[in-house]
A.B. asks: 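One structure, pasted below without further comment.
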Number of protein chains: 2
Amino acid sequence: MRLVVARCSAHYTGRLSAHLPLATRLLVVKADGSVLLHSDGGSYKPLNWMSPPCSLVVTAPDDDAAGRGVDQVWVVQHAKSDDRLVVELHEVLHDSSHELGVDPGLVKDGVEAHLQRLLAEQVHLLGPGHVLVRREYPTAIGPVDLLARHPDGGTVAVEVKRRGDIDGVEQLTRYLELLGRDPLLAPVRGVFAAQEIKPQARVLANDRGIGCLVLDYDAMRGADDPDSRLF
Amino acid sequence: MRLVVARCSAHYTGRLSAHLPLATRLLVVKADGSVLLHSDGGSYKPLNWMSPPCSLVVTAPDDDAAGRGVDQVWVVQHAKSDDRLVVELHEVLHDSSHELGVDPGLVKDGVEAHLQRLLAEQVHLLGPGHVLVRREYPTAIGPVDLLARHPDGGTVAVEVKRRGDIDGVEQLTRYLELLGRDPLLAPVRGVFAAQEIKPQARVLANDRGIGCLVLDYDAMRGADDPDSRLF
DNA sequence: CCCTTGATGTCGGAT
DNA sequence: ATCCGACGTCAAGGG
């Protein structure tokens, strides 16, 4: 990994065209040739970048560029598309290289898949007497997150989201329409389950006769395994 | 901006919990206190990070951590949520600070707004005899990208996207339903215009009687102003 | 390999 | 401030 701090300007052309005026920025060149241009603020997204696979070629400036005070020109070309990033470095304030090695990568916990698994284990949260049929119940238009038997007969289709917005209700609606035609399943009720349900989503769900269930992730995780709450 | 290269491990807790095993990484501390942990590969997204507003506190390791070889501990706490990133630095290989100043920011071109403007100017692409009514035609549920008069009478509502997927067709369908009730506009045809139209979106559009128009951005830009193709 | 969905999405504009 | 949609979205999982 190479770290360069320099006054620079940049042009990107590809899916759009973009230009960065002259300013002092951090340039990161990773081992795979990818390049990031960061300013001293904002979030983790670089001002400009090139994703791998790509190649970096450093050249001397032409006469015109040299006249504008350019010290060196970086041309970063994507290997599979015509995306191209051209950086003009005017003044290099820092330049160092470092051997980092391969990263073991991030270990995650707590995403939608986990919520889905927990609700499958705690299907009683849908109401007493519910029995899980299966997770990821397949349909022609994609898998339903959870399918359960309703104690009064019929079936309950559950869409699980971390944050429940209107799209999730639309998605569940499409499933319900399809599943409702199956005489082995009908009648099919719908439940929209999420850690947080947006008001608009709740209104739409109610309007369509879909139930809403707010999931308490910490409580569900605690019920699943008290020890795992420690971290 | 502070750049540190160090062997480190990290824990994040917040919207999820995540762990980074010990490895050599780049740590970037920006002027606003935000922190990025980058490996020497992957994309522009860091392995772990904390977005502003947040505060960084560097402390000495406790006895247990010191026993594991930890040299210093960074606690990065988000100011408005309970998101927290804890980094244990085992060995610092590089540490430098740099004054970058404020960045003037990115100048973009070529997004959906530009496509919309070009199609408004080249409304003949909808077919001969079409006349533009207006861009951003207001409705109760939001503005329609383009509204035009059809040569055979009635109106054409156009949804413009860079990449046309199923959501855009749904959006246009809602507009058509609403606009069709207006006797001054009816009958209202729909056209889904995008640089690229996904097969599923095309099928759905056809099924609903909505026309599909693939936009050639370069050609439209060239027709608009040949010089602007140079960059 | 293409397609679909989720994301600690991020980011910007409008309400 | 919140809500909503676009993004050079990226990245992972399934057919």
Side-chain angles (χ1 to χ4, degrees), chain A residues 10-18 34 36-37 41-52 54 76 78 80-85 105-106 108-116 136 138 140-143 145 159-168 171 194-196 198-201, chain B residues 10-20 34-37 42-52 54 76 78 80-85 105-106 108-116 136 138 141-143 145 159-168 170-171 194-195 198-201 217:
Chain A
H11 279 281
Y12 164 77
T13 53
R15 270 163 284 192
L16 59 71
S17 299
S34 58
L36 319 180
L37 268 74
S43 67
Y44 68 69
K45 189 176 179 180
L47 293 165
N48 241 323
W49 71 94
M50 185 59 66
S51 305
C54 63
V76 192
H78 196 269
K80 297 195 172 183
S81 71
D82 53 3
D83 284 27
R84 173 188 288 233
L85 178 64
L106 189 67
K108 283 187 183 180
D109 179 31
V111 286
E112 181 188 325
H114 199 191
L115 273 178
Q116 187 194 117
E136 302 286 351
I141 56 172
D145 287 343
E159 178 67 32
V160 179
K161 292 283 180 205
R162 199 174 54 78
R163 289 161 79 166
D165 60 22
I166 214 160
D167 288 353
Q171 191 176 351
Q195 275 188 280
E196 174 199 353
K198 296 276 176 79
Q200 286 197 339
Chain B
H11 279 282
Y12 164 78
T13 53
R15 272 164 286 190
L16 58 71
S17 299
H19 171 68
L20 273 178
S34 57
V35 175
L36 318 180
L37 268 74
S43 65
Y44 67 69
K45 190 176 179 179
L47 294 165
N48 239 323
W49 71 93
M50 185 59 67
S51 305
C54 64
V76 192
H78 195 268
K80 298 196 170 182
S81 71
D82 54 3
D83 284 27
R84 173 188 288 234
L85 177 64
L106 189 67
K108 281 188 184 179
D109 179 34
V111 286
E112 181 185 324
H114 198 190
L115 273 179
Q116 187 193 116
E136 301 287 349
I141 57 172
D145 287 343
E159 177 69 30
V160 179
K161 293 283 180 206
R162 200 176 55 76
R163 290 163 76 165
D165 59 22
I166 214 159
D167 291 349
E170 297 281 13
Q171 192 177 348
Q195 276 188 281
K198 297 278 176 76
Q200 287 198 338
Y217 178 64

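Below, chain A is the first sequence line, B the second, and so on; all start at residue 1. Every heavy atom of this structure was used, including side-chain atoms; hydrogens, water molecules and symmetry mates were not.
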A.B. asks: Is any side-chain N or O of B:Lys45 closer than 4.0 Å to OP1 or OP2 of C:dT8?
C.D. replies: yes

A.B. asks: Once you apply a heavy-atom cut-off of 4.0 Å, does A:Met50 come out as touching a base, just sugar-phosphate, or nothing?
C.D. replies: base

A.B. asks: Roughly, in whole Å, what's the span from CG in A:Leu47 to P in C:dC11?
C.D. replies: 10 Å

A.B. asks: In whole angstrom, give the distance that lies between atom CG of A:Leu37 and atom C1' of D:dG8.
C.D. replies: 14 Å

A.B. asks: To the closest 0.5 Å, what do you measure between OG (B:Ser34) and CG (B:Leu85)?
C.D. replies: 11.5 Å

A.B. asks: Establish, with yes or no, whether the OP1 or OP2 oxygen of C:dG9 is under 4.0 angstrom from a side-chain nitrogen or oxygen of B:Arg15.
C.D. replies: yes

A.B. asks: Would you call B:Asp83 and B:Arg15 a side-chain contact if the rule is heavy atoms closer than 4.5 Å?
C.D. replies: yes

A.B. asks: Say you draw a straight line from CG of B:Leu16 to NE2 of A:His114; how long is it, rounded to the nearest 0.5 Å?
C.D. replies: 11.5 Å

A.B. asks: Does the side chain to side chain contact (heavy atoms under 4.5 Å, CB included) test come out yes or no for A:Tyr44 and B:Tyr44, once each step is laid out?
C.D. replies: CA-CA 8 Å; A:Tyr44 68 69; B:Tyr44 67 69; 4.3 Å; yes

A.B. asks: Answer yes or no: does a side-chain N or O of A:Ser81 lie under 4.0 Å from OP1 or OP2 of D:dG8?
C.D. replies: no

A.B. asks: What nucleotide, of C:dT8, D:dG8, C:dG6, holds the atom closest to the side chain of B:Asn48?
C.D. replies: C:dT8

A.B. asks: Evaluate the side chain to side chain contact (heavy atoms under 4.5 Å, CB included) criterion for residues B:Lys45 and A:Lys45: first the C-alpha distance (whole Å), next the side-chain angles of each, then the deciding distance (0.1 Å), finally the verdict.
C.D. replies: CA-CA 7 Å; B:Lys45 190 176 179 179; A:Lys45 189 176 179 180; over 6 Å; no

A.B. asks: Atom CG of A:Leu16 to atom P of C:dG12: distance rounded to whole Å?
C.D. replies: 13 Å

A.B. asks: Nearest whole Å is fine: how far is D:dT9 C1' from A:His78 NE2?
C.D. replies: 14 Å

A.B. asks: Between D:dC10, C:dT8, C:dT10, which nucleotide gets closest to the side-chain atoms of A:Trp49?
C.D. replies: D:dC10

A.B. asks: Which comes earlier along DNA chain D counting from the 5' end, the contact point of A:Gly14 or that of B:Lys80, where each point is its nearest nucleotide?
C.D. replies: B:Lys80

A.B. asks: Under 4.0 Å between a side-chain N or O of B:Arg84 and OP1 or OP2 of C:dT8?
C.D. replies: no

A.B. asks: Check for me: is A:Tyr44 stacked on C:dT10 by the 5.5 Å centroid and 30° plane-angle rule?
C.D. replies: no

A.B. asks: Counting only side-chain nitrogens and oxygens, does B:Ser51 get under 4.0 Å of the OP1 or OP2 atom of C:dT8?
C.D. replies: no

A.B. asks: For A:Leu106, report the nucleic acid contact type (base, sugar-phosphate, nothing); a contact means any heavy atom under 4.0 Å.
C.D. replies: base

A.B. asks: Measure from CD on A:Glu136 to C1' on C:dG6 and round the result to the nearest Å.
C.D. replies: 12 Å

